Amino acid sequence: MNGAELSPWIALPAAALLVLGGLLGLLGALGLLRLSDFYARIHAPTLANTLGAGCVLIASILVSSAIAERPVVHEVLITLCVILSSPVTAMLLMRAAVYRDR
Amino acid sequence: MRRLTGRILLPLALLVAWVLLNDTLSFGQVLLGALFAMLISLAIRRLRPLAAQPRRLHLLFGLIWHVLMDVIRSNIAVAGVILGATKRQPNVGFIRIPLDMRDPHGLAMLAVILTATPGTVWTDLSPDTNELTLHVLDLKDEAGWVRLIKDRYERPLMEIFE
Amino acid sequence: MNAILDWAIHFATLCFALSMVFGTVRLIIGPAAPDRVLALDAVYINGMLGALVLGIRFGTTVYFDIALLIGLFGFVGATAMAKFLLRGEVIEP
C-alpha cells in the first residue's frame with residue numbers, strides 16, 4: 001500500500017473481507033487443534049478452503065483492480081483451483097481414515 | 001446440439017483459463033489460447049472415453065446460487081461448533097442416502113459440492129446399490145439431511161446430466 | 001481510509017500466520033497419519049492465502065503467481081500422500 005490512495009468504496013469492503021477471511025482461516029486452524037476426533041477434525045479446514053479463500057480473493061480482486069485502474073480478475077483462477085482441488089484431498093483422506101480404522 | 005455443447009465446453013474453459021492466467025485480452029494471446037485449447041481438447045479426448053452430455057445449462061446458475069448460500073450458512077454453523085467445542089464435542093456420524101443418479105459426471109459434481117460444503121464429507125458410494133455414505137459433523141436430523149440432498153442437489157444435477 | 005485497510009492487512013497476515021502455527025502443532029502431535037496429512041493440507045492453504053494478503057499489501061501481482069504455484073503443488077503433494085495412505089502406492093499400474 002505504498003503511495004496510492006484508494007477510495008473508501010474500495011478500501012472499506014476490502015478491509016472487512018480481509019478481516020473476515022483471516023478470522024475464518026484462524027477458526028479453521030483452531031478447529032483442527034481443538035476437536036477431539038479425526039472425523040470431526042476433517043471438517044474444520046473447509047472453513048478456510050471455501051469462504052475464507054473466497055473473501056481474501058474478492059478483496060484481492062478489489063484492491064488490484066483499483067490499483068491497476070482496470071478489472072483484474074485473474075484471482076478467479078485460484079478460487080476455481082482451490083474449490084475444485086480441496087474436496088478431492090478431503091475425500092481421499094476420509095476414505096483412507098475409514099479404511100485404516102476398519 | 002447436445003453433442004455440440006458437450007464438445008465445446010472444455011476448449012472454452014481452457015481458453016478462459018489461458019486468458020485469465022495471462023491477464024490480457026490482446027488478439028495474439030487469445031489466438032494462441034484458442035489454438036492451445038483446441039489442441040489440448042483433441043489430445044484429451046482419448047484419455048476421457050466418457051464425454052459429458054450436459055443440457056439445460058441455465059439450471060446450473062440456480063444450483064450455484066443454492067450452493068453459495070448453503071456454503072455461507074454451514075460456514076456459520078461449523079464456526080459455532082468449533083467455538084463451542086470446549087463445552088460440547090460435536091455429535092459426528094455417518095448417514096446413508098440411496099441415490100437415483102447414475103451419471104458419473106453428475107455424481108462427481110455432487111461429490112465436490114457436498115465435500116466443499118463445510119460440515120459434510122462424501123465418504124463412499126457402494127457400486128451395486130448406489131447408496132451414498134456421507135459423514136456429517138453435527139448430526140441431528142437424519143431424515144432432514146436426506147431430503148435436503150435429494151431435493152436441492154440431486155434433482156437439478158439429474159436434470160442437467162441425464 | 002487506507003489506515004483501516006492497512007490495519008486489516010496486518011490483522012489478516014497475523015491470522016494466517018497463527019493458523020499455520022496451529023496447523024504445524026497438529027502436524028507434530030497428530031496421533032495418526034491422516035491427521036498429519038490433513039494438517040499439511042491446512043498449512044499450505046493458509047500459506048497460500050497469506051501470500052495473497054502480502055500481494056495486496058505490496059500492490060504487485062508477483063504474489064499471485066506464488067499463490068497459484070503453492071496451491072497447485074500443495075494439492076499434488078497432499079493428494080499423493082492421501083492416496084498413499086489409502087492404497088499403499090500413488091500411481092497404480
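Every chain is numbered from 1, with letters handed out A, B, ... down the list of sequences. Here the structure is a predicted model, which means the values were calculated and not measured.
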- Query: Looking at A/V82, A/N49, A/V98, which has the largest count of heavy-atom pairs under 4.5 Å with chain C?
  - Reply: A/N49

- Item | Over all atoms of both residues, closest heavy-atom pair of A/G25 and C/N46 | CA-OD1, 4.0 Å

- Could you tell me which portion of A/L30 (side chain, backbone, both or neither) has an atom closer than 4.5 angstrom to a non-hydrogen atom of chain C? both

- Message: Counting neighbours of CZ on C/F84 that are heavy atoms of other residues, nucleotides or ligands and sit closer than 6.0 Å, is the number greater than 12?
- Response: no

- So what's closer than 4.5 Å to chain C heavy atoms on A/L23: side chain, backbone, both or neither? both

- Task: To the nearest 0.5 angstrom, please state how far the CG atom of A/L92 sits from the CG atom of C/D41.
- Result: 11.0 Å

- Side-chain heavy atoms of A/L26 within contact of C/F22, under 4.5 Å: yes

- Message: With a 4.5 angstrom heavy-atom cut-off, is it the side chain or the backbone of A/R100 that approaches chain C, or both, or neither?
- Response: side chain

- What part of A/S85 lies closer than 4.5 angstrom to a heavy atom of chain C: side chain, backbone, both or neither? both

- Given a strict heavy-atom distance threshold of 4.5 Å, which part of A/A59 is in contact with chain C: side chain, backbone, both, or neither? both

- Quick one: what part of C/D35 sits under 4.5 Å from any heavy atom of chain A, side chain, backbone, both or neither? both

- With chain A, which of C/V21, C/L52, C/V53, C/V43 has the greatest number of heavy-atom pairs at distances under 4.5 Å? C/L52

- Top contributor to chain C contacts, counting heavy-atom pairs under 4.5 Å, from A/I10, A/V72, A/L32, A/V56: A/L32

- Compare every heavy atom of A/A96 with every heavy atom of C/A82, then report the nearest pair and how far apart it is. O-CB, 4.1 Å

- Item | Choice from C/L85, C/V37, C/L86 maximising heavy atom contacts with chain A below 4.5 Å | C/L86

- Task: Answer with side chain, backbone, both or neither: which region of C/F64 has an atom nearer than 4.5 Å to a non-hydrogen atom of chain A?
- Result: both

- Query: What are the two closest non-hydrogen atoms of A/I67 and C/G59, and how far apart are they?
  - Reply: CD1-CA, 4.0 Å

- Message: What I'd like to find out is whether the side chain of A/L18 reaches to under 4.5 Å of the side chain of C/L5, using heavy atoms alone.
- Response: yes

- Find the distance between OG1 (A/T46) and CD1 (C/I45) and round it off to the nearest 0.5 Å. 10.5 Å

- Query: Roughly how far, to the nearest 0.5 Å, is the CG atom of A/L93 from the CG atom of C/L38?
  - Reply: 6.0 Å

- Item | chain A contact via C/L68 - which portion, at a heavy-atom distance below 4.5 Å | both

- Task: Side chain from CB out, backbone as N, CA, C, O: work out which of these in A/V88 comes under 4.5 Å of a heavy atom of chain C, or both, or neither.
- Result: side chain

- Item | Counterpart residues, side-chain contact (heavy atoms from CB on, under 4.5 Å), relative to C/T61 (two or more places apart) | A/H74

- Message: Quick check: closest heavy atoms across A/A48 and C/L49, and the distance to 0.1 Å?
- Response: O-CD1, 4.0 Å

- Message: Please classify the contact of C/M48 with chain A as side chain, backbone, both or neither, using a heavy-atom distance under 4.5 Å.
- Response: side chain

- Item | Inter-residue atom distance C/L72.CG - A/C81.SG, 0.5 Å rounding | 4.5 Å

- Query: Could you give the distance from CZ (A/R95) to NZ (C/K83), rounded to the nearest 0.5 Å?
  - Reply: 10.0 Å

- Side chain from CB out, backbone as N, CA, C, O: work out which of these in A/Y99 comes under 4.5 Å of a heavy atom of chain C, or both, or neither. side chain

